[in-house]
Every structure is written in C-alpha cells, then in structure tokens.
> 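Got a structure for you, questions after.
Below, read A as the first sequence line, B as the second, and so on, with proteins coming before strands; counting in each chain starts at 1.
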Amino acid sequence: MPESKIKEKSWNQELEKEAYDKWKADNLYKFDKSSKKPVYSIDTPPPYVNTPVHIGQATTYCLMDMFARYKRMKGCNILFPLGLDRNGLPIEMAAEKKFNIKLTNTPREQYIEACRKVLEESSAASTDTFLQLGISFNSWELGNEIGDVYHTDSDAYRTLTQETFIDMWNKGLIYEDERINNYCPGCQTTLADAEVDYAEKASTFNDIIFTVKETGEKLTIGTTRPELVCTCGMVIFNPEDERYKHLEGKHAITPLFNKEVPIKSHPIAQIEKGTGLAMMCSAGDLSDIRFFREMGLTPTIAINRDGTMNEHAGFLKGLYVKDARKKIIEELKEKGLLVKQQQITHKTPICERSKHEIEFIAMKEYYVKQLDFKDKMRELANKVNFYAPESRKIMLDWIDAVSIDWPITRRRFYATEVPLWYCRKCHEAIVPPKGKYYKPWKEKAPVSKCPKCSSTEFVGDERVFDPWFDSSISPLYILKYSMDENFFEKNSPCSLRPQGKEIIRTWLYYTLLKCYLLTGKCIFNDAWINYHIVDEKGKKMSKSTGNVVDPQEVLKKFGAEPFRLWAAVEGNLERDDFRCSFERIEGAGKTIVKLWNVAKFISMFESASKPAKLNPLDEWILSELDRLVAVSNESYGNYNFHEPAIQLKHFIWETFASHYMELVKNRAYNQEGKCSKEEQDSALWTLHHCLETLLKLLAPIMPMLTYKLSMDLFGKDVHFEEFPVAGNHKAPFATEELLAFDSAVWKAKKDKALSLKAEVKKAVVPEVLKVIEKDLCSTHGLKQVEYGKEFGVEL
RNA sequence: GGGCCCAUGGUCUAGCGGUUAUGACGUCACCCUUACACGGUGAAUGUCCCCAGUUCGAUUCUGGGUGGGCCCACCA
C-alpha cells in the first residue's frame with residue numbers, strides 16, 4: 001500500500017503552536033505599506049486588558065480573522081491591528097483592589113502608577129490568547145507603524161485624543177455647561193450611568209402639606225426626599241385627575257420654605273401614585289432633571305459635592321443629606337406639616353463600588369454638540385452597510401433617543417487628560433497647540449502670559465475624558481489620521497467595524513459622530529454587528545454569575561481549530577445569541593479528524609497531470625465543488641461564514657468522503673490494472689484538486705490546519721494563495737440519484753448481514769448513472785447491471 | 001412602562017402556504033468494509049408553545065395570549 005505524506009496521527013495543539021509560532025516569528029501578516037493591493041481595514045474593538053479574554057470575545061475575534069483571511073486571499077492588503085483599551089474605570093478598579101487604595105486618598109501620581117502596574121501584568125496574557133487562536137493580526141509588537149499593536153493609553157494615542165479635542169474646540173463643537181450628573185459622595189466623583197447599580201432600599205414615603213396660595217387649600221404630597229423641598233420648582237398632577245383639575249394655573253406654597261411654585265397638570269404624574277400630586281425637585285433623580293429642562297425651570301441646587309446641603313437648604317445647611325432628611329422630618333412633624341409616614345422599599349441608585357446612594361449634583365463639564373447633528377447621524381446610519389441589516393434599527397432608535405449633548409469629562413485619573421489650562425485671574429481657557437500629549441494637572445501651561453489679561457498664573461484642568469471619547473477615534477488612529485495624512489486620505493473610510501450589538505449606542509455611535517465632526521465623512525463602509533455567546537443554559541455570561549468560560553480552557557481541551565470551526569458552523573451571530581457548549585466544540589473536532597484522514601488518504605497517491613478528458617464521476621464531484629466555491633465566495637464576502645461552513649462540513653463527510661472517495665478508490669489504486677492510465681490520472685488529479693480547493697475554502701476558518709496540510713502536501717502557504725473561483729463543471733447526473741443508489745446497495749447488504757464488499761448478482765441502476773458504470777461495479781461488486789427506474793439489488 | 005428578538009424530537013438547529021418536517025449532538029442496535037472505531041450502517045424519539053382568524057390547506061401568514069432572552073427608560 002502507498003505511504004501517506006502525513007506522518008502525524010491526528011491534528012493537535014502542538015501542531016497549532018508550530019503554525020502560530022512560525023507566523024509570529026516570520027512576521028507573516030505584517031502590514032505592507034508599499035503594496036499596491038487595495039487596503040482592507042478592520043477597526044477591531046479594543047478589548048480591555050485587565051481581565052482574561054472572554055469566550056465571546058474570542059469567538060468574535062475568530063470571526064473577524066475569518067473576514068481578514070478571506071479578504072487577504074481575495075487580493076486585499078489587510079490592515080488588522082490589535083488594539084488594547086487600557087483607559088478608564090475597569091483598570092482603576094483593579095488597581096484599587098490590588099493595592100487597597102482609593103481615588104480619594106491617593107495622590108494622583110501614585111494612583112496612576114498603581115494602574116500602570118496592574119496593566120503591565122495583564123496585557124501579555126490576553127494577547128497570547130489571541131495568538132493561540134490563530135488570529136492574523138498585522139503585528140504582535142507595540143509600535144507606531146501602521147498595523148502595530150496599539151494601546152489607548154499610549155502617548156501617541158492620547159496625543160491624538162487630545163488633538164481631536166483641540167480640533168473640535170477650535171471648530172466650536174465643544175462647550176462647557178453646568179448640569180446635573182450622577183455623583184457618588186463617597187468616591188467624590190462623577191459616575192457614568194454604567195457605573196451605577198440599583199439596590200432595593202427601605203425608605204419612608206412622607207405625606208407633607210403644601211398650601212394653595214390663591215385659596216388656602218391644603219395639599220398633601222408624598223415624597224421620599226423631603227430635604228429637597230427647598231428645590232421644589234413645581235407641583236404637578238395628571239391632566240386626567242379629576243381631584244385636582246381645579247388647581248391648574250394656581251400656585252402652591254412650599255412648607256417651611258414658603259416658596260411660591262406653579263401648579264400644573266403633566267402626564268408624568270400618575271393618578272394612583274401617592275396622593276396623585278408630586279413635587280418636582282431640581283435633582284431628586286434624572287427624570288427631575290429632564291422635567292426641569294422641558295419646563296424651562298431654573299434648578300435650585302441644594303447639595304454640595306461633598307454630600308452636604310448648602311445655603312439653599314436654609315436651616316439644613318451643612319448637614320449631610322441623610323441627616324438633613326431626619327432633621328426636616330422632625331421639623332415638619334413639629335409644625336404639623338407631616339400627616340403620614342409609610343415605609344416603602346424602592347430601587348435606589350447606588351455607587352457600584354462604594355455603595356453610597358447616588359446624588360444628582362450639578363457640575364461643570366464639557367459637552368460635545370450632538371443634538372445639532374441628529375439628521376446627519378441618521379444619514380450616516382443609513383449609509384453604513386449593516387450586517388445584519390436589522391441592526392441598523394438599534395442605531396436609528398438610539399439617535400432618536402438622544403436628548404442631550406455628549407458630556408465628555410470625568411473626574412478620574414487613569415484616562416486621557418483634558419488638554420486645557422485656565423488663567424487664574426480671568427479664567428480664560430488656554431488651548432495648547434496640537435502634537436503633544438499634555439498632562440495639565442502636573443505640567444506648566446504652554447503660554448507664559450494670558451492672552452486676555454496678561455496674567456502669568458495658570459491652573460491646569462484636572463479632568464479626564466470619558467473613555468468613549470478615546471475609543472471613538474480608533475479608526476482614525478489605525479488609519480494614521482493626522483500622523484500620515486496621505487495614507488489616511490487614500491485609505492479612509494475604514495472598511496469594517498466589527499462590534500457587539502450592546503455598544504452600538506456608544507462605540508459605533510460616538511465613532512461615527514466624532515469622525516464626522518472631525519472629517520466631515522462617514523468613517524465606515526461596513527459595520528458587522530454580533531450578538532452574544534451565552535452559557536450552555538442560554539444565560540448571559542458574567543463574572544458575578546460565575547458562568548464565564550475562559551478561552552484558555554477551551555484551547556487546552558480542544559485547541560483553536562475545533563473552536564474556530566465551531567464558531568463558524570454553530571450559529572449565526574448576526575441574528576442571535578448562541579450557546580457555548582463544550583460538547584459541540586468537541587464535535588467540531590471530529591470534522592477536523594475526518595478532514596485529516598481524507599488528506600492522509602489522498603496524500604498516499606502522487607498527483608497526476610490533468611488528463612484531457614475527465615471521468616464522469618470526477619466531473620460530478622467537481623461540479624459539486626464548484627457549487628461550494630460559489631456559495632463560499634458569495635457568503636464570505638457578506639461576512640457570513642455560517643452557511644458555507646455547514647455546507648463544507650456536509651460536503652466533507654457525506655458527498656466527498658462517503659460517496660466520491662468510496663467510488664473512486666478502486667480507480668485510484670488501480671491495483672488490478674482494470675482501468676486505463678487516463679482514467680486513473682483523472683481520479684488522482686481530481687482527488688488532489690478537490691483537497692487543495694477544500695483547503696483554500698477552509699483556510700479562513702481553520703488557518704493552522706489548512707496551512708499545515710497545504711504546506712506538507714502542496715508546498716504552498718494556503719493563506720497567500722488566491723481564493724478559488726467557481727469553474728463550470730457539468731454534473732452528468734443528479735447528486736441525489738447517486739447517493740440514493742449507493743445507500744440502497746449498502747442497506748441491502750447490511751440487511752442480509754453481508755460485508756460491504758460482497759458481490760451483487762444483479763443490480764437495477766438508474767439510467768443516468770450508466771456513465772459511471774465501471775466505478776459502480778468495482779465499488780459495489782456488481783456482477784450484472786440492468787437499467788431502469790426503480791433500484792434493484794439482487795444478492 | 002417602551003422597544004427588539006426568540007419559541008420545531010432529550011439538547012441545539014434548518015426550513016417553508018401543500019415536505020414521509022432538515023441536520024447535528026446525545027441514546028440504542030449491529031459492524032474493525034485496506035483514510036478514518038474521533039469510523040461505518042441503521043433505529044427510536046416531534047399535537048413544529050397555546051387560542052382565534054385568513055385559506056381548499058398553516059409548523060410556515062395575521063391578530064391575541066403564554067413563556068424566555070436582550071436593550072432602554074422609570075419608580076414623586
């Protein structure tokens with residue numbers, strides 16, 4: 001028997017390591033700036049580095065890699081850099097935990113140092129996981145060349161972030177305003193909505209007495225925040241509420257503070273809630289804030305940033321909110337203005353770290369204008385090709401929901417600094433020139449004299465940017481905006497933004513917005529939106545539930561290739577969440593073994609040159625292959641690997657291995673010399689051609705396996721081969737007819753407990769299969785053949 | 001409260017106005033047939049969530065319900 005060229009018994013992780021180590025060592029996927037090929041750029045979602053790579057992330061990165069590899073084989077110059085997002089809260093939280101420090105009790109310099117220490121330890125582990133997954137990033141080294149690994153907290157990246165701020169400032173797109181924010185009195189910092197938790201907390205619902213100015217009528221109003229009576233700006237009732245319709249347009253006098261406020265009807269007042277009357281305070285919660293804005297009321301801010309009440313609160317001044325509440329309740333009781341108290345529990349916003357109750361406090365922050373551009377954003381959202389198209393709706397819904405400009409400043413430490421100084425005397429803002437990374441909290445102002453008042457004393461801004469302000473320039477950064485204008489001009493917009501559905505409203509929206517404001521263009525051609533990998537029960541994976549799967553575990557157990565094949569085959573991430581199941585990943589491994597053995601079999605034979613005339617059986621399998629090639633080209637180009645992967649898998653197992661290989665075997669061996677050299681060559685050439693094509697079709701999905709096989713068997717790096725184009729082989733008969741006949745024969749033998757090699761005395765074969773009579777006879781051992789409509793197998 | 005999505009054998013899934021409802025995993029039975037026992041051949045398992053409507057006919061379309069998931073908003 002001939003020897004196979006493949007020595008290894010099966011595919012394994014050691015072979016994977018050989019492949020990715022070599023790619024890394026050879027810098028195989030380095031971005032080639034001098035190439036004339038069209039650039040295809042992928043703006044990868046920079047993953048946070050302080051946690052291990054999440055299995056969902058691993059899956060989506062594998063899918064992105066499939067896109068990259070396909071486009072590479074299609075003749076594109078691939079820009080596929082690895083970015084690591086290292087700014088913001090998660091890093092700070094990790095540092096606080098590790099070093100037992102707090103934002104409030106640690107000098108800024110020292111705090112940043114602690115964050116850096118945390119970062120140093122974490123980056124290597126996560127990038128190594130990507131390497132093991134076989135991702136074809138341009139580079140594994142941090143650097144400033146196109147395609148290099150980048151960190152969002154590097155000087156270069158932060159420089160660009162600050163530059164974009166300066167540009168937008170100069171275009172008049174940024175303004176400062178005092179508005180109400182989530183504020184944690186414990187941490188003394190603004191919080192993003194994402195940092196706010198909710199807890200069921202016991203509270204007291206207090207019914208207190210207001211008086212109608214015009215009539216002297218007493219009004220009972222329920223509130224959980226009596227200490228905010230001093231900030232009451234209006235009393236409202238529902239327009240449908242018969243009890244209060246007569247109050248419309250009258251005025252209420254607040255208890256203790258005796259302030260006159262209008263009474264109006266408003267649909268947000270619920271008839272059944274409390275007494276049906278509500279006092280609207282300036283900052284009880286976010287809805288109050290919106291209400292004040294809507295009604296054109298001027299808010300009265302009564303809470304200081306340290307959580308104490310200020311002069312607006314009169315006799316409560318200086319007290320912490322909680323104490324103020326106690327005191328005013330006593331006072332109201334004493335004056336007979338408190339008629340009822342009721343214990344309730346309600347969801348209260350708390351700080352996810354310190355668990356303090358969130359206050360809503362007005363602070364000066366910078367805002368990026370976005371309300372003026374809602375129409376433009378809709379236009380951009382319609383311009384980008386969404387995969388799947390249904391995802392566009394999430395974006396459009398969000399644009400509709402945008403109601404305030406974008407607050408971009410935060411009072412934190414580990415993020416990009418706001419590059420501004422202020423004149424100590426006249427408070428004029430000093431904007432530095434672009435091109436350098438500024439840390440105003442510890443650096444001197446870039447000017448010596450205030451341009452407005454000539455004062456020489458300045459104070460640096462101590463705030464930092466919202467991390468989305470950084471991450472929303474990633475396509476600009478990877479395309480070297482402002483760093484290599486030629487390259488940027490030539491290669492923008494960015495070809496693809498792959499990302500999760502949950503951050504359409506943040507990352508995708510902010511990126512489109514900011515890049516539009518800066519360049520006036522739509523920054524992406526395509527947006528591929530993925531859903532989630534959930535646990536085997538269909539639940540969202542989260543650290544707190546403890547159902548997170550570490551990709552390292554999968555890599556150790558099964559290796560990257562089964563995982564990648566699983567990711568391609570299993571589900572359609574564009575449409576739905578799909579479940580992570582080890583059983584199924586393991587199942588994908590079987591297909592790899594099958595392919596391995598197919599390759600082993602074929603490699604036992606030397607290939608032959610293509611004969612002038614191919615055997616009909618070979619024509620048939622080639623026509624099947626053509627169909628697969630066509631499907632792959634059509635779907636891969638639309639980021640759909642799911643459909644082709646299923647079909648490829650089916651082809652490998654059924655059509656090719658079970659039927660074609662069985663039928664062609666005898667002709668390939670030609671041990672008894674029963675067929676001509678040409679017939680044998682036709683078999684040998686077709687077998688090799690099918691395998692080679694199959695490896696190309698599978699290369700984007702399983703890069704390491706296909707690389708190894710095509711190196712060993714054909715001496716070529718499959719990833720730099722051209723992706724196949726469908727030929728036009730004509731099948732001499734329908735596939736189903738052949739499959740059905742084979743099965744009938746096998747079943748007949750099986751039913752009689754005969755060996756599959758047993759002779760068939762007489763068979764009735766469909767007419768169309770006459771062209772492959774020879775192959776059928778040798779495979780099934782047919783002694784006599786008749787042709788007719790019904791199968792017949794006589795044993 | 002608003003929005004979006006989903007519902008098919010034990011599990012996961014394809015599908016479509018008419019099918020003996022697809023396939024996979026698992027289960028069971030038999031078989032080492034010279035690439036492969038990580039294999040082969042076959043079998044069992046389904047009121048295609050419920051109700052109504054459209055239709056000659058609905059798993060497929062429409063409406064309602066139930067259950068599940070996700071996002072957003074809110075709780076004076």
Side-chain angles (χ1 to χ4, degrees), chain A residues 1-2 4 6 9-11 193 198 200 203 205-208 221-226 228 232 235-237 266 268-270 273-281 284-288 290-291 344-349 390-391 393-394 397-398 400-401 403 501-505 531-532 534 536-540 562 569-572 575-579 581 583-605 642-643 646 649-650 653-654 657-658 661-662 665-666 668-669 671 687 743 746-751 753-758 779 781:
Chain A
M1 199 173 98
S4 169
I6 297 167
K9 190 164 188 315
S10 68
W11 182 250
D193 288 348
Y198 287 87
E200 288 289 342
S203 183
F205 202 60
N206 305 284
D207 281 357
I208 59 178
I221 297 179
T223 178
T224 54
R225 303 291 305 266
L228 293 177
C232 178
V235 169
I236 61 167
F237 61 90
H266 193 282
I268 68 161
Q270 294 171 32
K273 202 128 194 178
T275 61
L277 285 171
M279 68 165 191
M280 299 309 290
C281 301
D285 59 57
L286 290 169
S287 69
D288 294 347
R290 195 171 309 127
F291 182 83
I344 56 159
T345 56
H346 67 158
K347 255 193 203 165
T348 310
E390 294 77 37
S391 303
K393 199 177 179 322
I394 303 177
D397 284 353
W398 173 245
D400 287 343
S403 65
K501 62 168 175 177
E502 79 287 0
I503 48 174
I504 288 178
R505 58 184 52 220
Y531 282 61
H532 288 278
V534 292
E536 53 191 353
K537 293 188 190 91
K539 290 263 176 267
K540 196 175 171 179
V569 170
E570 184 72 3
N572 184 351
R575 270 181 43 192
D576 259 314
D577 293 342
F578 71 74
R579 300 183 187 200
S581 150
E583 217 172 54
R584 285 164 200 285
I585 296 173
E586 197 177 5
K590 291 190 179 180
T591 300
I592 289 172
V593 175
K594 189 77 180 176
L595 180 64
W596 190 258
N597 285 311
V598 165
K600 244 169 133 173
F601 170 74
I602 294 173
S603 76
M604 295 193 309
F605 307 99
H642 170 59
E643 268 302 311
I646 290 174
K649 195 176 152 186
H650 187 257
W653 283 93
E654 301 299 326
S658 293
M661 275 170 57
E662 289 305 328
K665 246 180 205 173
N666 291 299
Y669 281 116
Q671 278 162 329
L687 280 169
S743 302
W746 287 326
K747 187 160 165 47
K749 291 182 178 177
K750 175 80 194 156
D751 286 347
L754 291 170
S755 153
L756 293 180
K757 286 188 294 190
T779 302

> Considering only atom C1', compute the distance from B/G46 to B/U54 and round it to an integer number of Å.
26 Å
> Mind checking who B/C4 pairs with, Watson-Crick or G-U wobble, both distances under 3.5 Å?
B/G69
> I'd like the C1' distance from B/C25 over to B/G9, given in whole Å.
13 Å
> Please measure how far the C1' atom in B/G26 lies from the corresponding atom in B/C70, and state the result in whole Å.
29 Å
> Quick one: look up who B/A76 pairs with, Watson-Crick or G-U, both distances under 3.5 Å, and put none if it's unpaired.
none
> Taking any heavy-atom pair under 4.0 Å as a contact, classify A/E502: base, sugar-phosphate, or nothing.
nothing
> Rounded off to whole Å, could you give me the CE-to-P distance for the A/M661 and B/C36 pair?
10 Å
> Find the distance A/E662:CD to B/U33:P and express it as a whole number of Å.
13 Å
> For A/G587 and for A/K393, find the nucleotide of RNA chain B with the closest heavy atom, then tell me which residue's nucleotide is more 5'.
A/K393
> Could you grab the distance from atom CH2 of A/W653 to atom CG of A/L595, nearest 0.5 Å is fine?
10.5 Å
> Select base, sugar-phosphate, or nothing to describe what A/A599 touches, counting heavy atoms under 4.0 Å on all strands.
nothing
> For A/G276 and A/K665, take the nucleotide of RNA chain B holding the closest heavy atom to each; which residue's nucleotide lies nearer the 5' end?
A/K665
> Using whole Å, report how far CZ of A/R505 lies from P of B/G3.
15 Å
> Using Watson-Crick or G-U wobble geometry with both distances below 3.5 Å, tell me the partner of B/C61, or none.
B/G53
> Need the pair for B/U33. Rule: Watson-Crick or G-U wobble, both distances under 3.5 Å, any strand; none if unpaired.
none
> What is the per-nucleotide protein-contact pattern of nucleotides 37-46 of chain B, from the 5' end, where B denotes a base atom under 4.0 Å from a protein heavy atom, S denotes such proximity for sugar-phosphate atoms only, and - denotes neither?
-BSBB-----
> Could you state the atom-to-atom distance from CD1 of A/I646 to C1' of B/U13 in whole Å?
8 Å
> Which value, in whole Å, describes the distance between the C1' atoms of nucleotides B/G63 and B/C56?
22 Å
> I'd like to know if A/R584 reaches the base of B/U13 with its side chain such that a donor and an acceptor end up less than 3.5 angstrom apart.
no
> Categorize A/K749 for me: base, sugar-phosphate, or nothing, with a 4.0 angstrom heavy-atom threshold over every strand shown.
nothing
> Going by the rule side chain to side chain donor-acceptor pair (under 3.5 Å), which residues pair with A/S603 if we only count those two or more places apart in sequence or in a different chain?
A/S4
> Under the ring-ring contact (aromatic ring centres under 6.0 Å, His included) test, which residues partner A/W746, sequence neighbours left out?
A/H659, A/H780
> Take atom CG of A/D400 and atom P of B/C71, then tell me their distance rounded to the nearest Å.
20 Å
> Checking A/H266 now: which residues fulfil ring-ring contact (aromatic ring centres under 6.0 Å, His included) with it, not counting sequence neighbours?
A/F291
> Can you tell me how far CD1 of A/I221 sits from CE of A/M279, rounded to the nearest 0.5 angstrom?
7.5 Å
> B/U22 C1' sits how many Å from A/H650 NE2, rounded?
10 Å
> Side chain to side chain donor-acceptor pair (under 3.5 Å) with A/E662: which residues, sequence neighbours excluded?
A/K665
> My understanding is that only one of A/I236, A/L228, A/V235 makes a side chain to side chain contact (heavy atoms under 4.5 Å, CB included) with A/M280; could you say which?
A/I236
> Taking atom P of B/A76 as reference, at what distance in whole Å does atom CD1 of A/I236 sit?
12 Å
> Whom does B/C25 pair with, Watson-Crick or G-U wobble, provided both distances fall under 3.5 Å?
B/G10
> A/K501 NZ to B/C72 C1': how many Å, rounded?
13 Å
> From A/Q671 CD over to A/N666 CG, what is the distance, rounded to the nearest 0.5 angstrom?
8.0 Å
> Please measure how far the P atom in B/U27 lies from the corresponding atom in B/C38, and state the result in whole Å.
13 Å
> Please measure how far the P atom in B/C32 lies from the corresponding atom in B/G15, and state the result in whole Å.
40 Å
> Going by side chain to side chain donor-acceptor pair (under 3.5 Å), name the residues that satisfy it together with A/K393, two or more places apart in sequence or in a different chain.
A/D397
